[in-house]
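Only one structure is covered here, and it is reproduced in the block below.
For the single chain, residues carry numbers from 1 onward in sequence order.
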Amino acid sequence: MSHTYPAELEIRPLARSVSATVTVPGSKSITNRALVLAALAKGDAPCELRGVLRSEDTEVMLGALAQLGYSVHEDWATNTVRVTNPTPRTIPADRADLFVANSGTSMRFLAAMVSLGAGRYRLDGIPRMRERPIEDLLSALRALGVNATSESGNGCPPVVIEANGLRTGPVHIKVAKSSQFLSALMMAVPFARASSEHPATVVHLDGTVVSEPYIEMTVRMLESWAIRVDRVAPNAYRIEPQRGHRERYDIEPDASAASYFWAAAAVLGGSVTVRGLNRASLQGDVRFVDVLGQMGCRIEENDGGITVHGGPLRGVDVDMNDISDTVMTLGAVALFADGPTTVRNVAHIRHKETDRIAALAIELRKLGAEVEEREDGLTITPRPLKGCAIDTYNDHRMAMSLALVGLKVPGVVIRNPGCVAKTYPGFWEDLEVLATASGHYYGSTQDAH
């Protein structure tokens, strides 16, 4: 990835409404799931993934697959990756020490994936990753015959997996902190070995379930790989051992990334179209446009994508559990609404790249808003806004969301803009599209090339 970034980036306001059509890169959530399934679902030919996102999170996953002995061929000129298992083993390597940086999907998916191997595997990340919970997944893996432990004994990485393959059977898992625990398990258990006592794995969900659209995404992707998942009760899934395979898979544009550009139309007025997405998307975050609709925007969907037309904004009261990666995007939009906006039922985002509720409250107050923080969300009451330096907490979504404020408010500076490399290395260049397409020159991104 040929991107370098300054330590700070000032966002230049746009003088008038926006009119733009943008293309965002492939979905991170779909890319990392597709890489796991391409590696595990063996066939006679490689699995070719098209529209692959190239970012820190996905390169972490690609590097881990290579370390685990898979053949990985990347063609970034066409955003295509081919994955092959050159061995008869489900996991080619019998040991690996994997570093996943701050990629939660990689940590959770790989922990379950290497449980299918025969050997010892260690997974670690940056200091923030060592604070992110994973014990609920490790407990489920232990129930299926794997020695899965938190090296520090605190339920967080580093994780050590000592395995001789997963076995089928009943398993209970808690997903109140992350739906990725269930997605990780779902992608691994089709490749478990069947026991005579339990011919299938039945996964029971205990307690609260967060981010259900991501679970649905995993189920639909498994079905795309010809892997059947039966929902046998509201909180239970039955998955038999099966191989599954497909030779090609197309990855959708990233709906979470699209939210920033739809939000720009709400903040600035005018219209922004994001190509390649519709409401039938695998990604629940396309429903962010419905929240913008509640706030007063007009939403248009056609074969070309989804367009948001800005309008006078009103505050809303919304449960964002299903679209929690867009909470910070809504936080930026809420600053320009008439009346307060309340976000509910997102306590789990305190366990993301940073405590996103606390961090968002701090930064919105710096911009001038009145913010009431609660355990599971916050209420944002607009007040006169002022420019300031925004701390991003090494969280890509904090940087991208709060940059939107600078499109209208002078003096907004984003610290550590390079953190967008986690999922969207070209974000600052793509933000420039809004300016150039609307007859503006967005000069501050020159330094970010």
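When every heavy atom of P382 is checked against every heavy atom of G339, the shortest pair comes out as CD-O, 3.3 Å. Looking at every heavy atom in both residues, V18 comes nearest to A265 through CG1-CA, 4.1 Å. Annotation for D285 and S256: closest pair OD2-OG, 2.5 Å, computed over non-hydrogen atoms. Contact record, A266 with C297: CB-SG, 3.6 Å, taken as the closest heavy-atom pair. Across all non-hydrogen atoms, the minimal contact from V83 to A38 is CB-CB, 3.9 Å. Closest approach of A101 to M129, counting heavy atoms only: O-CB, 3.5 Å.
Side-chain contact check for R130 versus P158: some heavy-atom pair is nearer than 4.5 Å. Looking at K177 and V210, their side chains never come closer than 4.5 Å, going by heavy atoms from C-beta outward. In this structure, I251 and L53 have side chains that are not in contact, with every pair of non-hydrogen atoms separated by 4.5 Å or more. With contacts defined as side-chain heavy-atom distances shorter than 4.5 Å, the pair E300/I306 does not qualify. Using a 4.5 Å heavy-atom threshold, the side chains of S103 and N32 count as touching. Looking only at side-chain heavy atoms (C-beta outward), V52 and T80 stay at 4.5 Å or farther from each other. The shortest side-chain heavy-atom distance between V371 and T379 does not fall under the 4.5 Å cut-off. Residues E10 and I414 form no side-chain contact, since every pair of their non-hydrogen atoms from C-beta on lies 4.5 Å or further apart.
Not a single donor-acceptor pair under 3.5 Å links the side chain of Y121 to the backbone N or O of V159. Side chain of Q294 to backbone of V289: no donor-acceptor contact under 3.5 angstrom is found. A donor-acceptor pair under 3.5 Å is absent between the side-chain atoms of T341 and the main chain of A337, judged by distance alone. At distances below 3.5 Å, at least one donor-acceptor pair connects side-chain atoms of S27 with backbone N or O atoms of S29. In this structure, the side chain of R108 does not engage the main chain of A111 through any donor-acceptor pair within 3.5 Å. Side-chain atoms of R374 do not come within 3.5 Å of backbone N or O of D376 as any donor-acceptor pair. Side chain of K408 to backbone of V267: a donor-acceptor contact under 3.5 angstrom is found. Judged by distance alone, the side chain of S178 and the main-chain N or O of Q180 form a donor-acceptor pair under 3.5 Å. Between the R246 side chain and the S224 main chain, a donor and an acceptor come within less than 3.5 Å of each other. Side chain of D254 to main chain of K28: a donor-acceptor pair is present (N/O by atom type, distance under 3.5 Å, no hydrogens or angles).
Residues R279 and D290 are paired through a salt bridge, judged by an N-O separation under 4.0 Å between the basic side chain and the carboxylate. With respect to E223 and R220, no salt bridge is recorded, no charged nitrogen being found less than 4.0 Å from a carboxylate O. Between R344 and D317, at least one side-chain nitrogen of the basic residue sits less than 4.0 Å from a carboxylate oxygen of the acidic one, meeting the salt-bridge criterion. A salt bridge links E370 with R383: the closest approach of a Lys/Arg side-chain nitrogen to an acidic carboxylate oxygen falls below 4.0 angstrom. For R128 and E353, the salt-bridge test fails: no basic side-chain N is under 4.0 Å from an acidic carboxylate O. Salt-bridge annotation for D206 and K174: absent, with no side-chain N of the basic residue lying under 4.0 Å from a carboxylate O of the acidic one. Under the 4.0 Å criterion applied to side-chain N and carboxylate O atoms, E135 and R142 are assigned as salt-bridge partners.
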Could you walk me through whether L367 and V409 pass the side chain to side chain contact (heavy atoms under 4.5 Å, CB included) check?
CA-CA 9 Å; L367 287 161; V409 177; 5.5 Å; no
Step by step, work out the side chain to side chain contact (heavy atoms under 4.5 Å, CB included) result for I323 and M320.
CA-CA 5 Å; I323 56 170; M320 296 190 76; 3.9 Å; yes
Would S259 and T329 satisfy side-chain hydrogen bond (donor to acceptor under 3.5 Å, both in side chains), going step by step from the backbone distance to the final call?
CA-CA 7 Å; S259 76; T329 321; 3.1 Å; yes
Quick one: do V420 and W428 satisfy side chain to side chain contact (heavy atoms under 4.5 Å, CB included)? Show the steps, please.
CA-CA 9 Å; V420 301; W428 302 114; 3.6 Å; yes
Checking Y237 against D230 for the side chain to side chain contact (heavy atoms under 4.5 Å, CB included) test, could you report, in this order, the C-alpha distance in whole Å, the side-chain angles of both residues, the deciding distance, and whether it holds?
CA-CA 6 Å; Y237 296 86; D230 294 313; over 6 Å; no
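To the nearest 0.5 Å, atoms CD1 (I161) and CD1 (I91) are separated by 11.0 Å. Considering CD of E59 and OG1 of T31, their distance stands at 11.5 Å, rounded to 0.5 Å. To the nearest 0.5 Å, the span separating CZ on R54 from CG on N79 amounts to 9.0 Å. Atoms CG and CG, from N302 and N278 in turn, are 10.0 Å apart once rounded to the nearest 0.5 Å. Note that the CG atom of L49 and the OH atom of Y249 stand 9.0 Å from one another [nearest 0.5 Å]. Considering CG of L268 and CZ of F336, their distance stands at 8.0 Å, rounded to 0.5 Å.
A side-chain contact (heavy atoms from CB on, under 4.5 Å) with I11 is found for one member of L404, V405, L407 and no other, namely L407. In summary, of the residues considered (T58, D57, D395, N102), a side chain to side chain donor-acceptor pair (under 3.5 Å) with K422 occurs for D57 alone. Tested against Y393, the residues R415, R356, E363 include a single side chain to side chain donor-acceptor pair (under 3.5 Å) partner, E363.
Using modelled atom types and a 3.5 Å distance limit, the side chains of T326 and R287 yield no donor-acceptor pair. Under 3.5 Å, the side chains of D319 and N345 contain a donor-acceptor pair of N or O atoms. Of the N and O atoms on the side chains of S139 and D136, not one donor lies less than 3.5 Å from an acceptor on the other residue. Counting only N and O atoms by type, the side chains of R275 and T23 include a donor and acceptor under 3.5 Å apart. S324 and H348 share a side-chain donor-acceptor pair at under 3.5 Å. A donor atom on one side chain and an acceptor atom on the other are found under 3.5 Å apart for T307 and T273. Of the N and O atoms on the side chains of S281 and E252, at least one donor lies less than 3.5 Å from an acceptor on the other residue.
Outside the 6.0 Å centre-distance limit, the rings of Y424 and Y260 are not counted as a close aromatic pair.
Residue H73 qualifies as open at atom NE2: its count of foreign heavy atoms under 6.0 Å is 12 or below.
For S179, the side chain to side chain contact (heavy atoms under 4.5 Å, CB included) partners are S211, Y214, I215, not counting sequence neighbours. Here Q67 pairs with L98 under the side chain to side chain contact (heavy atoms under 4.5 Å, CB included) rule; sequence neighbours left out.
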